Structure formats: C-alpha cells, structure tokens
Amino acid sequence: MARYTRAEAREWARENLVGVVNCTIPSFTGDLRNINEKAIRHDTRLAIEHGFMGTLGVSEVAIQLPEYLDFLNIVKDEAGDRFLLVHHASWSTLEQNIEAVKGAEEAGAELVLLSYPPNFYPESEQEIHDYTKAVCDATNLGVMLFPMYLWGFSPRIHPSDIPVRLIRRLIDDCPNIVAIKAEGGFPGIQSVIECHRHFGDEVVISMPIEGELIPLSQIMPIQFSATSDHEYYGPMIPRAFHLLREGKYDEAADIYWQLHPARKIKAGLAPALHGGAFINRQAWKFQGWLQGYNGGPLRQPTQRIHDAQMTALRKGLIDAGLEPSMDPFREFFMGRNPA
C-alpha cells in the first residue's frame with residue numbers, strides 16, 4: 001500500500017517525486033495468451049539499473065484489467081520500495097477507471113497518471129471537472145493531472161486543453177492531486193511555465209519531454225520528469241537529470257547536444273508513428289529494445305513499426321554516440337525473454 005495517507009499526499013509528493021520515470025509496456029508470451037512475467041521483471045530491473053526512480057505501468061495496449069493488475073503486481077514485487085510504481089488510468093469508461101485505480105492501489109501503485117477515455121467528449125469545463133474528481137475521489141493515491149492535446153479538448157474547451165482556471169478548481173476540490181504533467185497546448189512550453197507560476201508551491205510540476213526538461217531546468221526548478229519514453233536513451237536522461245540537480249549545467253547541456261541527432265530523428269518520425277492522437281506503444285517498445293529492454297509481441301489491435309522506422313531510430317542512437325542493439329529486427333518481435 002502507499003506510504004502516505006490521502007491527507008499527506010501533497011507533502012509526500014513534494015518530498016518523494018524527485019527523479020525520472022520511464023514507461024514499462026506489458027510483455028506477453030509468444031502465443032499472446034498470457035503476460036510474460038520473466039520479461040516484465042527483466043524490464044523492471046533494467047529500468048532501475050538505468051537510474052530511473054519509477055515507471056509507468058502502461059495500460060494503453062490490448063490487455064484485460066485482471067492481467068494488467070497482475071502486471072503491476074509483478075513490477076512491484078520485483079522492485080519493492082526502491083521504485084515508484086505509477087498506475088496508468090487509461091481505461092474505456094469512468095466505471096472501469098474507478099475499478100482499475102482501486103486494484104492498482106492494492107497492487108502497490110503510489111501515483112496515478114490520469115488519462116481520459118477516447119469516447120469521453122466533454123462540452124464544458126464542468127464535465128472535465130466532474131470526471132476528474134470522480135476518479136480522484138475513488139482512490140487514496142496521489143493523482144497526476146495531465147493537460148494534453150491527446151484528449152481532444154482543444155479548441156472546444158480551451159487551447160491549453162485544461163485551462164488554469166479549471167486546474168485551480170481541481171486542486172482546490174481534489175486534495176490528492178499532487179502533480180501536473182504539464183503538456184497543455186503541446187508542443188510548447190507555456191503550459192509548464194504557467195503551471196509552475198500558478199501551482200508550483202502546491203503541487204509537483206513534471207516536465208516529461210527530455211528536450212525541454214534539460215534546457216528549462218537550467219532556468220527554473222524541475223524536480224520530476226514523468227512519464228515518458230526516456231528508455232530510448234538508456235541511462236542518459238536520469239544522468240542528465242542528476243547533473244541538473246547538482247547545478248552542473250554545462251555537463252547536462254553536453255548530454256542535450258549529444259542526444260540531438262537521435263532526438264531529431266525521433267521527432268521526425270512522430271507524425272507517422274503516432275497518428276490518430278494515439279501513442280504507438282509498439283514503437284516505444286522497440287525504442288526500449290534498442291537499449292536492452294525486452295521488446296516482444298503485442299496483441300491486436302496494435303499500431304505497427306516498419307523496417308525504415310526501426311532503422312532510423314537505431315541510426316539516431318548511433319549518431320548520438322550510443323550503442324544500441326544491433327540484433328536483427330526479427331528478434332524484437334520475439335523479445336529478449338521469450339516464453
């Protein structure tokens with residue numbers, strides 16, 4: 001269970017949400033009938049080795065809720081208390097999300113990343129408020145609010161996706177909102193600056209985009225980078241984060257520029273890989289595989305990744321002076337721990 005009470009959630013977050021959180025995508029057996037425990041444990045151990053302080057247990061794949069909760073239990077059992085387990089509140093309905101967050105709390109998750117269902121079509125700020133509050137009220141866990149274009153709230157609700165005035169109401173009405181993943185109006189940095197200015201003394205402001213985390217941290221305090229596909233760069237983003245925390249800005253800037261070739265290739269591929277306002281988890285799983293993570297098959301329906309995209313992503317890491325896996329691409333689709 002969480003190491004804090006609902007009343008202590010914000011104080012706990014300010015003290016403990018310090019570091020970089022990656023994403024762990026569930027791995028499955030070769031016949032896709034079950035989750036692959038050995039592979040999940042492998043990915044958890046490697047994330048800890050790479051310096052991540054926690055991971056998001058990704059739910060935006062073809063997985064049933066009981067399997068997902070088993071997946072969270074495996075991550076928690078492997079990592080224990082040395083690793084922050086983040087629940088991905090991305091299910092099809094409010095009712096499913098309430099059931100899922102209760103199960104995640106029992107599984108040992110200590111933070112919730114709040115998403116909104118694809119069929120949720122609010123036409124007022126009040127509807128977003130009510131949905132968000134219903135999920136927050138259903139759990140004692142700290143919740144990370146997530147303004148983002150993926151939900152389709154802009155421009156119908158507000159160009160920033162979740163406007164400051166609504167965030168203010170939610171922070172006042174939901175004492176277990178402890179953090180904001182500030183990507184409103186993506187791409188751009190206005191959301192993180194605005195959230196820091198308005199709410200930085202109350203909740204933790206997360207900047208998950210490493211290409212903005214490194215430069216912004218040189219001029220404003222950022223204690224948390226969660227959640228993103230940082231595993232594409234292996235241990236480099238946790239390394240840069242620690243340099244930033246120590247005030248070693250020139251060394252962190254060196255890492256920024258070192259990674260820039262890979263960053264540019266990844267950004268260039270994004271429109272093709274992540275169409276339909278949906279993150280291509282197959283591509284993220286491949287990015288991790290390049291750095292030693294399990295990879296492995298995902299169930300239908302899943303987006304695809306093709307040879308040209310895989311070649312480009314690997315070349316980006318080579319151009320950045322890193323050493324990605326040179327194994328044949330076919331092995332990605334089997335995984336490093338086949339079962």
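We count residues from 1, following the sequence as given. Side chains are part of it too, since the values below use all heavy atoms of this structure and drop only hydrogens, waters and symmetry mates. From a predicted model like this one, the values you see are computed outputs, not experimental measurements.
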Report yes if some heavy atom in the side chain of [X] is under 4.5 Å from a heavy atom in the side chain of [Y]; otherwise report no.
X: Q223; Y: R245; result: yes
X: D81; Y: K76; result: yes
X: E251; Y: E246; result: no
X: V21; Y: F224; result: yes
X: R239; Y: I255; result: yes
X: L114; Y: F146; result: no
X: E231; Y: Q287; result: no
X: F71; Y: T24; result: yes

Has the side chain of [X] got a donor or acceptor atom that lies under 3.5 Å from a matching backbone atom of [Y]?
X: S191; Y: G184; value: yes
X: D161; Y: P147; value: no
X: E110; Y: A2; value: no

Salt-bridge contact [X]-[Y] (side-chain N to carboxylate O under 4.0 Å):
X: R314; Y: D319; answer: no
X: K266; Y: E210; answer: no
X: E106; Y: K102; answer: no
X: D201; Y: R14; answer: no
X: R156; Y: E123; answer: no

Any donor-acceptor N or O pair under 3.5 Å, side chains [X], [Y]:
X: N36; Y: T29; value: no
X: R263; Y: H260; value: yes
X: D254; Y: Q258; value: no
X: N294; Y: D43; value: no
X: Y233; Y: H50; value: no
X: T302; Y: Q282; value: no

Partner residues of L166 under the side-chain contact (heavy atoms from CB on, under 4.5 Å) criterion, sequence neighbours left out: E125, I128, H129, I162, P163, R169, L170

In the single-linkage hydrophobic clustering (I, L, V, M, F, W, Y; side-chain heavy atoms under 4.5 Å), do [X] and [Y] co-cluster?
X: I167; Y: M148; result: yes
X: F278; Y: Y149; result: no
X: I214; Y: I209; result: no
X: L46; Y: F286; result: yes
X: M207; Y: I219; result: yes

With respect to Y4, which candidate in N176, N16, L141, V178 satisfies the side chain to side chain contact (heavy atoms under 4.5 Å, CB included) definition? L141

Just wondering, more than 12 heavy atoms not from E67 lying within 6.0 Å of its CD? yes

Around atom CG of L150, are there more than 12 heavy atoms of other residues, nucleotides or ligands at under 6.0 Å? yes

Is the distance between the ring centroids of F329 and H306 less than 6.0 Å? no

On the 0 to 90° scale, with breaks at 30° and 60°, tag the Y131-Y116 ring pair as parallel, tilted or perpendicular. tilted

